[in-house]
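Everything on this sheet refers to the single structure shown next.
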2 protein chains.
Amino acid sequence: MAKSSIHDVAKAAGVSIMTVSRAVRGVNGVSEATRLRVLEIAKTLNYVPNGNARALATTGSNMIGISLPTLFNDVFADVLLGMRRTFQQAGYDSVVDTTDYSSDGELQFIERILQWQPLAVILTGVDHDETVRARLPRANIATLELWDITDHPIDFCVGIDHREAGVALGRHLVEKGYRAPAFIGAPAGKDTRADKRVEGLVEAFRAAGGRTLRRISVSDDNAFISGYTGFEQIDRDRRPDVVLFLNDHMAFGGLMRAEQEGLRVPDDIGIVGFNELAITKVLPRRITTMSTPRRQIGLVGARNLLARLNGVTVPEKTILPCTLVPGQTTRAQ
Amino acid sequence: MAKSSIHDVAKAAGVSIMTVSRAVRGVNGVSEATRLRVLEIAKTLNYVPNGNARALATTGSNMIGISLPTLFNDVFADVLLGMRRTFQQAGYDSVVDTTDYSSDGELQFIERILQWQPLAVILTGVDHDETVRARLPRANIATLELWDITDHPIDFCVGIDHREAGVALGRHLVEKGYRAPAFIGAPAGKDTRADKRVEGLVEAFRAAGGRTLRRISVSDDNAFISGYTGFEQIDRDRRPDVVLFLNDHMAFGGLMRAEQEGLRVPDDIGIVGFNELAITKVLPRRITTMSTPRRQIGLVGARNLLARLNGVTVPEKTILPCTLVPGQTTRAQ
DNA sequence: TTGTAAGCGTTATCAT
DNA sequence: ATGATAACGCTTACAA
């Protein structure tokens, strides 16, 4: 069954291509009778309109490109969930791609996606390759930066204040009496949001005269495993009193390792996660963590983007609040 | 900075659009001098070739469309991992979309993606809406069905034998003395691969004269939580001796609930997962599960697809093996 | 209600 | 090495 074009349908139906065009788009200007006949024939011929031709003729698509660091993280799945549904209901297509946390990968995404004349582009975070800014003139392409915030977004951003989250977490731990923190996560520079949280932690502990935060980098694809192996790398002679992880899955991996090493949590060592991922809700002892409004970020982001596409001015910077979730993996007092 | 077309670049460079076209594509037929000059100007003008026009002119894209049920499942992230990288290195673009386990969603994916004249389409599973087959004439569009297998694929398939995996798991449990199984997972009909595994389980237990398998359906987005809540729904008066879950995350959720209810695992009740997800590797007591070759499915699938696109005939059906992983959540003897 | 003609931004083909 | 022209499949604008 060969691909058929609008011409084939027109010929088979004995009408002009314009009539076919109108019929398949469902616009006015075709009698009910011919419309039905044309659609019938289109179906038999397995006709599928050529999107490239359409986009070319109308000079503009209805596509929104979305760039995420990875799919191996429930955080981004959560963000996507509300977002894509909203776009679809509004009649937009969205295309997702991943950069594997590389700013070069993000640049490549931009280059690729721009060829398709997207209506809008959504990026993760606010730290990009220099070129990215130049490539995204906000006059032509609405640009949403998600999950992090800045005073000078490319266009507008919706996210949380990671540094502030780090400070809040740090202060909470300081209050509990912790003074010797360690952080286990991606290598510095890879996940800039995590880097900002670490900055906040460092600040909070320094203010309390604590020990310098030790940072341990892990790189396994999987969070459970990198949490586990990261914990192994802790200097036993100079053990931290609390270990913060990039996220809850890593924290769980670390917790498992700690217990295997015979350490009692939280008596011997504290364990702290981030995000309040679903796993924390099924554990008998809740992991101390910070709840992040991921679904909401997706929803607000999508809503603002739609507004922006309709010509409404939206706030350049939307900060959504995080909530500290004290658990049983840090001391009570 | 307005969007500039090839015409603008041509004008600015004082050459014809064909020269620009050749320069930008890096094909022969342009002197080194003009090539450099044109590229220089293209960069200053922020010129990005229009992919729609290109695809239209060359009547064909280099795009591969990928349809997955969900991103909330490490299984599919694993499958994707090797695949997309392979495609990219081979010079193909790939576009991923999710159907949320609905065959209607899959059909919509097909309709949408076909407009862009993809070179190939990748679907999850082998059970599709009737229309899907008609829309994918294998003469025009290479079609790979992933993760499940059938004797009559649309084009070709690479996956595991889910029914057989269920039988193997069932027999193993029967050997351990289990006779009263329950299954906790998606509602029947939603995840057809899981349904096939359940069929296999039923067969194995029936052959051993066991009790009829009880099936409990859960629908929360999150696996940990649905495992937990699913376990709550178990009939306490007629408790199964072993509970099988759709996957390891659900099994972990169920395990947490079991222990909270004061049940001892595996003495009072057995817990079984599926896939051997990474979390199982950090647990002190390994969950009994079935290891599935997800990375390999992605790699073999991608390799075969590339071969197929190069005109090589590939096997219609490739079955990859699963491996039983006995753990400490089922009885030893 | 239907059709004709021009054009969207590129590439293939054939000239020069 | 470079350019002119037609074509890709559709939609917009205008005509009948």
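The analysis underlying the following values was restricted to heavy atoms, covering all of them including side chains, and did not include hydrogens, waters or symmetry mates. Protein chains get the first letters and strands the later ones, always in sequence-line order, with residue 1 at the start of each.
When all heavy atoms of A:K317 and A:T150 are compared, the closest pair comes out as CD-O, 3.3 Å.
The stretch residues 25-34 of chain B comes close to DNA chain D through B:G29, B:V30, B:S31, B:T34, each having a heavy atom under 4.0 Å from the strand.
In this structure, A:N52 atom CG and C:dC8 atom C1' are separated by 12 Å, rounded to whole Å. Taking atom CZ on A:R37 and atom P on C:dT1, their separation rounds to 15 Å, with Å as the unit. Nucleotide D:dC10 holds its P atom 8 Å from the CD atom of B:Q117, rounded to whole Å. Between B:R54 atom CZ and C:dC8 atom P there is a gap of 19 Å when expressed in whole angstrom units. Rounded to a whole Å, the CG atom of B:L114 is 14 Å from the P atom of D:dC10. Counting to the nearest Å, the C1' atom of C:dC8 and the CG atom of A:L56 are 4 Å from each other. Between B:I17 atom CD1 and D:dA6 atom C1' the separation is 11 Å, expressed in whole Å. Distance CH2 (A:W116) to P (C:dG9): 15 Å, rounded to an integer number of Å.
Within the structure, every pair that satisfies the salt bridge (Lys or Arg N to Asp or Glu O under 4.0 Å) test and touches residues 296-308 of chain B, not counting sequence neighbours, is listed here: B:D155-B:R308.
Within a 6.0 Å radius of CG in A:N310, more than 12 heavy atoms belonging to other residues, nucleotides or ligands are found. At most 12 non-hydrogen atoms from other residues, nucleotides or ligands lie less than 6.0 angstrom from CZ of A:R85.
A salt bridge links B:K196 to B:D127: at least one charged side-chain nitrogen sits closer than 4.0 Å to a carboxylate oxygen.
No side-chain donor-acceptor contact under 3.5 Å links B:T58 and B:R54. Side-chain contact of A:S102 with A:D104: a donor-acceptor pair under 3.5 Å is absent, judged by distance alone.
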Legend entry - A:D100 and B:R84: CA distance, side-chain angles, deciding distance, salt bridge (charged side-chain N to carboxylate O under 4.0 Å, His left out) verdict: CA-CA 12 Å; A:D100 196 27; B:R84 296 198 77 180; over 6 Å; no

Legend entry - CA sep, side-chain torsions, deciding dist, call: B:K43, B:E40, salt bridge (charged side-chain N to carboxylate O under 4.0 Å, His left out): CA-CA 5 Å; B:K43 178 161 277 178; B:E40 173 80 22; over 6 Å; no

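The side chain of A:A57 approaches D:dC10 more closely than any other nucleotide in the set D:dC10, C:dT11, D:dG3. The side chain of B:M18 approaches C:dT11 more closely than any other nucleotide in the set D:dG9, D:dT2, C:dT11. Here the nucleotide nearest the side chain of A:T19, chosen from C:dG9, D:dC10, C:dT2, is C:dT2.
Phosphate proximity of C:dT11 to B:S21: present, with a side-chain N or O under 4.0 Å from OP1 or OP2.
Summary for the helix from C:dT1-D:dA16 to C:dT16-D:dA1: the axes at its two ends, each from 5 pairs, differ by 30° when rounded to the nearest 10 degrees.
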